[in-house]
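Since the structure is predicted, the reported quantities are computational estimates derived from the model, not experimental observations. The sequence lines fix the lettering, A, B, ..., with proteins before strands; numbering per chain opens at 1.
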Amino acid sequence: MFPACRYSLQARKCIRALKVVQAEHVAPQVYSTRCSSSTVPRITTHYTVYPRDKDPRWEGVEMERFADEADVVIVGGGPAGLSAAIRLKQLANQHEKELRVCVVEKASQIGAHTLSGACLEATALNELIPDWKERGAPLNTPVTEDKFSILTEKYRIPVPILPGLPMNNHGNYLVRLGNFVRWLGEQAEELGVELYPGYAAAEVLFHEDGSVKGIATNDVGIGKDGSPKDVFERGMELHAKVTLFGEGCHGHLAKQLYKQFNLRENCEPQTYAIGLKELWVIDEKKWRPGRAEHSVGWPLNRNTYGGSFLYHLNEGEPLVALGFVVGLDYTNPYLSPFREFQRWKHHPSLMSTLEGGNRIAYGARALNEGGFQSIPKLTFPGGMLIGCSPHTHTHNKSAFFTFLLTIVYSALFSFQSFVSFHSPAPICKELTVASQRAPSCLSRQFLDRISFGVGLDSAQLKPAKDCAPIEYPKPDGKISFDLLSSVALSGTNHEHDQPPHLTLKDDSVPVAQNLAVYDGPEQRFCPAGVYEYVPLETGDGMRLQINAQNCVHCKTCDIKDPSQNINWVVPEGSGGPAYNGM
Amino acid sequence: MHRSSEVKHVASYLNTRGCECFGQPCESHCPVLTDRTIHVQLKTFIKIRVKPDRTGVVTDGVKHSMNPFCEIAVEEAIKLKEKKLVKEVVAVSCGPQQVQETIRTALAMGADRGIHVEVSGKDYETLGPLQVSKIFAALAKKEQADLIILGKQAIDDDCNQTGQMTAALLDWPQGTFASEMTLEADKLKVVREVDGGLETIKIKLPAVVTADLRLNTPRYATLPNIMKAKKKKIANVKPADLGVDVCSRLEVLKVDEPPQRQAGVKVETVDDLVGKLKEAGRV
């Protein structure tokens, strides 16, 4: 059943030790040999940058993988992936056919990496699981009040919300999406979907003809320096007739697929925003369950896209979900989305709600902002992209998507291989209406964007010398907080002895480019304090320190790095934030 | 405590309780993370908070996982089986439905079968080492186990009692805080980590061993093994079937967060220090 090891563990260790002694002079050095002028401390050790077949430390290590077959493999146990799994199983049961559906999810449990506002429109859920209420779906807070404001430094200008406008949320539900996703997971398991949380899809597998064969999960037991540990185990391969990729915004496998299949050649580049969110237990007197508040304006200036949300949830205790969104096409490298979020909370209209309250959770995630024109081609031989992976807002929840899934299903049962399928241009109301990003429709930038299109977010930063540093107020520890205590609340952690999963194509670029030209913007846009420029031990110059353990998997660095040198790859499964109902 | 200067945050931890393994020899779940040596890194980083009614902590939605010391115990048992020194490894856990997942992880690591002792609701909230050890003692007799390996303590309650109590109830010898364990015919040589150093003892089987951090490095439960584990059996048992009363003799009066750490004060001279100590009534 298992690939037989050529050598026992001890023998392998011996051979390895011998090889290291013999080949020490060609073993990867402490200092990177890639840069030309100065010696740069080695940062990246991941095998996607330093392939293992050329690495003497990996000689003799058994690299064969165990493979298994399924009908459908879904990457990502979020709303998109789980809804797809549920729908497929429903169709299979309806037609009395056997269908093996496997979902792999990098979080240690379903819902642990889910973060959203969120305001849910239940139309699609009504279609998918009509008796969701009886089944206990955690949609406990119907929206009863919509408030929209434009904020200035001291004042709040209310904007009336008329029915028909996108920000009118009546009929929608305020949810803790993580709990909803967990419930979806339970529904999926009941239908017989195989859920595997704690296992990340690390690699896409291809047939000889170039179509997608399936995925391989991450290897485990690789040390920080890239060498194999005693507990090294290869990931496994999951082959499928169709592979669905629901990794969420800016998925790392989706990135590969764009290139592989040229999925973005006929659309505008995707633009993104970063959303930061906290959960607060507030004073009961200030609690208004069912109220959805949104704002634009302060503290962002006219040229920076973004806004806020504050939802009063009705879940037994006076809980509010609040957050701040900053468009990642901002130009000032001194801008820190985290600190904009913290200082927004000090607005007088906010202080009245938050005073006397307690923060209980924090997290962040990048989100798609591009709109209709940024949607790439969704299908390719062997699979398709679902959810936020390719496009905005409504993940799995569009009629178009159900249509596609039915195609997937019939393809499976007509025993045709799922060859390139050209999807008709979807004119779906849900796809164009902003359900969760209320601020966007009013903002001028959004209107500009849909008419003229913008280039890549990473290319928007201006050099630091042309921009003014922003003076952020110090956190007061009651309403606003420092970065590290916030990261602690996200519950994030990773196995420390593994190669950093924030890989750099070139270790010398951060200091030579990012720091020199843009004053190291990654120190500011990362909502988890992963990137730090620290003085070199030798005293002269700086180096980039990557605190990979703090990463909350938001993907902002991959998006916003002006040198596009950072490539986020998936760490060992189960690592990452431990969000609880975010 | 962190060795690495890179890890920036420190947080409290939560781990599953009542995850105990039985075996022949068996393993037990050990709580994780010893706070005894500086070589240990804090592992689980979930922030816990006290329930509004102060009767306990919020566990809803918090990930429950195998106690890290218990992982080490499971690993030790599997190792014994791989050396062909034991015939069968049985993983046992006491708790509600979700502990089945933890038992599956043990099965994926190599245990042969599992036993789920169902304890849920109010009973589960008050389940403590005494009840668990009574359950284990009863199961050990029923299964005719020769060796029970548990984690030295659970990282959620830090009791460090179950192994010892189980041994006492069964009147079996115990080797606690084991950092090394060798089976020699029907005797077990155990190297124990004690405050003064290392103590080596020889105990006769049947015995109870509790695992400490340095006993081994647990293997990963790989996905193919998790898939295979779905086919392995997990028997369901109720405490009443074993003749055990899980009623607790302890009543939790209240649970509070630790007090906020106050800022320190820097003093310039020794006289200042003495003055401040006198002010605080400490001298």
Neighbour count above 12 (heavy atom, 6.0 Å) for B/Glu82 CD: yes
Neighbour count >12 (heavy atoms, 6.0 Å) for atom NZ, B/Lys51: yes
Side-chain heavy-atom pair A/Tyr199, B/Ile226 within 4.5 angstrom cut-off: yes
Residues, nucleotides or ligands: over 12 heavy atoms within 6.0 Å of A/Gln523 CD: yes
Residue pair A/Leu238 / B/Met227, side-chain heavy-atom distance below 4.5 Å: yes
Structural part of A/Thr217 lying under 4.5 Å from a heavy atom of chain B: side chain
B/Lys122, NZ atom: more than 12 neighbouring heavy atoms under 6.0 Å: no
Heavy-atom pair with the smallest gap, counting every atom of A/Phe66 and B/Pro224: CD2-CB, 3.2 Å
Residues, nucleotides or ligands: over 12 heavy atoms within 6.0 Å of B/Glu101 CD: no
Which atoms of B/Leu223 approach chain A - backbone, side chain, both or neither, heavy atom under 4.5 Å: both
Within-4.5 Å side-chain heavy-atom neighbours: B/Arg49 and A/Val281: yes
